S.K.: 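My questions will all concern the structure given below.
It should be emphasised that the depicted structure is a prediction, and the values quoted were computed from it without experimental measurement. One is the number of the first residue; the rest follow in order along the sequence. Any value given below was found using the heavy atoms of this structure, including those in side chains, with hydrogens, waters and symmetry copies removed.
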Amino acid sequence: IKPHGNTIVYPLQQKDALDVIKTTANYNNNRLVIPNIERLKIINEDLDGTTAEYDDITFTTHILGKVQPINAITAIEAVKTAYPNISYSIISKGIENAEIFARCKVYDSSRPIIIDGAHNPDGVNSLIDLLNKFVNKKRVAVLGMMKDKDIDAVLEKLAVCFDKIITVTVDNPRSISAYELCEKAKKYCPDTKAVGSVSEAMDIAKGLSDYAICICGSFYLISQIYKYLD
């Protein structure tokens with residue numbers, strides 16, 4: 001927060017953090033802008049994205065997750081502050097074209113196939129919310145994780161969302177083995193199986209024609225997966 005600037009703050013801050021931001025912004029003679037989420041109206045949500053209104057701006061974000069419209073209005077306030085004369089249509093177009101690689105990414109909405117690199121509690125909560133809102137059928141996860149993550153905390157929340165889990169060893173020296181991950185996941189999803197490769201896991205998952213597929217647990221896993229999706 002530099003002197004005589006503008007500070008735009010995501011509105012759902014913890015109080016202690018917001019108090020520090022306010023104090024620092026005031027000390028540095030900043031204009032502090034906090035979006036008013038009461039002015040955010042959700043029009044429609046599905047696997048293709050979220051359409052919402054904020055003041056006089058209607059926008060669609062194709063980045064899924066319950067926090068994304070709030071992220072969007074924070075971006076709106078930032079752009080309006082930096083460029084007071086910008087047209088609202090340009091803002092809407094920018095939000096619509098924005099992407100985050102492997103963050104609640106729907107590769108195929110008809111089945112669906114969902115790709116998400118979530119590996120911590122906050123990311124997992126967003127994925128769980130998406131699954132529970134929009135995926136009303138049996139679900140199989142292709143799951144790989146790094147051994148230095150809080151694996152049990154993630155599995156306790158995430159694994160119960162699936163009818164079946166296929167664990168893999170990610171091509172990274174920090175990866176937990178598929179077999180060790182399988183034993184941990186079985187505590188929460190009994191129908192869990194370890195396999196020897198990502199290609200084998202995807203063959204099994206795609207063979208379950210009545211299941212939605214979710215590939216998750218690590219961005220390193222996501223980087224390996226695209227060639228097996230077609």
S.K.: Please confirm whether the backbone N or O of Ala178 pairs with a side-chain atom of Thr169, one donor and one acceptor, at under 3.5 Å?
M.R.: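 Between the backbone of Ala178 and the side chain of Thr169 there is a qualifying donor-acceptor contact (under 3.5 Å).
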S.K.: Name all pairs fulfilling the salt bridge (charged side-chain N to carboxylate O under 4.0 Å, His left out) condition that reach into residues 110-119, sequence neighbours left out, sorted by first residue then second.
M.R.: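 As it turns out, the salt bridge (charged side-chain N to carboxylate O under 4.0 Å, His left out) pairs with a partner in residues 110-119, which skip direct neighbours, are Arg103-Asp116.
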S.K.: With Asp56, which residues qualify under salt bridge (charged side-chain N to carboxylate O under 4.0 Å, His left out), at least two apart?
M.R.: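 Per chain and number, Asp56 pairs via salt bridge (charged side-chain N to carboxylate O under 4.0 Å, His left out) with no residue.
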S.K.: Establish whether Val168 and Leu208 are linked, either directly or via other cluster members, by ILVMFWY side-chain heavy-atom contacts under 4.5 Å.
M.R.: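 Same hydrophobic cluster.
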S.K.: Is a side-chain donor-acceptor pair under 3.5 Å present for Asn125 with Lys157?
M.R.: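 There is such a pair between these side chains.
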S.K.: Within a strict 4.5 Å, meaning less than it, do heavy atoms of the Ile34 and Leu18 side chains meet?
M.R.: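 Answer yes - side chains close enough.
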S.K.: When the side chains of residues 212-224 are checked against the rest of the protein, which donor-acceptor pairs come out under 3.5 Å, sequence neighbours left out?
M.R.:
{"unit_1": "Ser218", "atom_1": "OG", "unit_2": "Tyr220", "atom_2": "N", "d": "3.0"}
{"unit_1": "Tyr220", "atom_1": "OH", "unit_2": "Arg174", "atom_2": "NH1", "d": "3.3"}
{"unit_1": "Ser223", "atom_1": "OG", "unit_2": "Tyr220", "atom_2": "O", "d": "2.6"}
{"unit_1": "Gln224", "atom_1": "OE1", "unit_2": "Asp171", "atom_2": "N", "d": "2.8"}

S.K.: Going by the salt bridge (charged side-chain N to carboxylate O under 4.0 Å, His left out) test, which pairs reach into residues 62-78, not counting sequence neighbours?
M.R.: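 Sorted result for residues 62-78: Arg39-Glu77.
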S.K.: With sequence neighbours excluded, tell me which residues meet side-chain hydrogen bond (donor to acceptor under 3.5 Å, both in side chains) with Lys164.
M.R.: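 With neighbours one apart ignored, the set is Asp191.
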S.K.: Taking the side chain as every heavy atom from C-beta outward, state whether Tyr27 and Lys22 have any atom pair closer than 4.5 Å.
M.R.: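 Of all side-chain heavy-atom pairs linking Lys22 with Tyr27, none is under 4.5 Å.
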S.K.: Verify the cluster assignment for Ile42 and Ile73: are they in a single hydrophobic cluster under the rule of side-chain heavy atoms below 4.5 Å apart?
M.R.: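 Yes, it is one cluster - the side chains of Ile42 and Ile73 are joined through contacts under 4.5 Å.
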S.K.: Provide the full list of side chain to side chain donor-acceptor pair (under 3.5 Å) pairs with a residue in residues 202-213, sequence neighbours left out, each pair given once.
M.R.: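 Applying side chain to side chain donor-acceptor pair (under 3.5 Å) to every pair that reaches into residues 202-213, excluding sequence neighbours, yields Lys138-Asp210.
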S.K.: Tell me whether Ser109 contacts the main-chain N or O of Pro112 through its side chain, where contact means a donor paired with an acceptor under 3.5 Å.
M.R.: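 Such a contact is absent between Ser109 side chain and Pro112 backbone.
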S.K.: Roughly how far, to the nearest 0.5 Å, is the CG atom of Leu127 from the CG atom of Leu64?
M.R.: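 Going from CG on Leu64 over to CG on Leu127, the span is 10.5 Å.
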S.K.: Residues sharing Tyr179's hydrophobic cluster, by side-chain heavy-atom contacts under 4.5 Å among ILVMFWY, directly or via others?
M.R.: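 ILVMFWY cluster around Tyr179 holds nothing else.
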S.K.: Donor-acceptor pairs under 3.5 Å, side chain of residues 6-15 to any protein atom, not counting sequence neighbours: which ones?
M.R.:
{"unit_1": "Thr7", "atom_1": "OG1", "unit_2": "Asn30", "atom_2": "OD1", "d": "2.7"}
{"unit_1": "Gln13", "atom_1": "NE2", "unit_2": "Tyr10", "atom_2": "O", "d": "3.3"}
{"unit_1": "Lys15", "atom_1": "NZ", "unit_2": "Asp19", "atom_2": "OD2", "d": "2.8"}

S.K.: Among residues two or more places apart or on two chains, list those pairs meeting salt bridge (charged side-chain N to carboxylate O under 4.0 Å, His left out) that have a residue in residues 89-100.
M.R.: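 Listed by first then second residue: Glu99-Lys105.
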S.K.: Do Val195 and Ile225 share a hydrophobic cluster (ILVMFWY, side-chain heavy atoms under 4.5 Å, transitive)?
M.R.: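 Yes; tracing contacts between hydrophobic side chains, which count when under 4.5 Å, links both residues.
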S.K.: Any donor-acceptor pair under 3.5 Å linking the side chain of Asn28 with the backbone of Thr24?
M.R.: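 Side chain of Asn28 to backbone of Thr24: a pair is present.
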S.K.: Distance check, rounded to the nearest 0.5 Å: Ile57 atom CD1 versus Leu40 atom CG?
M.R.: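 CG of Leu40 is found 11.5 Å from CD1 of Ile57.
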S.K.: Go through the structure and list residues passing salt bridge (charged side-chain N to carboxylate O under 4.0 Å, His left out) with Lys187, not counting sequence neighbours.
M.R.: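 Listed in chain order: Asp152.
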S.K.: Answer whether the closest heavy-atom distance between the side chains of Phe162 and Leu131 falls below 4.5 Å.
M.R.: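 Yes, close enough: below the 4.5 Å cut-off.
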S.K.: For the backbone of Thr51 and the side chain of Asn44, can you confirm whether one donor and one acceptor N or O come within less than 3.5 Å of each other?
M.R.: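 No, the answer is negative, given that no donor and acceptor are paired below the 3.5 Å cut-off.
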S.K.: Could you tell me which residues satisfy salt bridge (charged side-chain N to carboxylate O under 4.0 Å, His left out) with Glu183, sequence neighbours excluded, listed by chain and number?
M.R.: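 In terms of salt bridge (charged side-chain N to carboxylate O under 4.0 Å, His left out), with neighbours along the sequence ignored, Glu183 is linked to Lys186.
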S.K.: To the nearest 0.5 Å, how far apart are CD in Glu45 and OG1 in Thr50?
M.R.: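 These two atoms lie 4.5 Å from each other.
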S.K.: Is the shortest heavy-atom distance from the side chain of Ile165 to the side chain of Lys193 under 4.5 Å?
M.R.: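 When only atoms from C-beta onward are counted, Lys193 and Ile165 do not touch, as no gap falls below 4.5 Å.
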S.K.: How would you list, by chain and number, every residue that makes a side chain to side chain contact (heavy atoms under 4.5 Å, CB included) with Tyr188, sequence neighbours excluded?
M.R.: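 Side chain to side chain contact (heavy atoms under 4.5 Å, CB included) check on Tyr188 returns Leu155, Glu156, Ala159, Val160.
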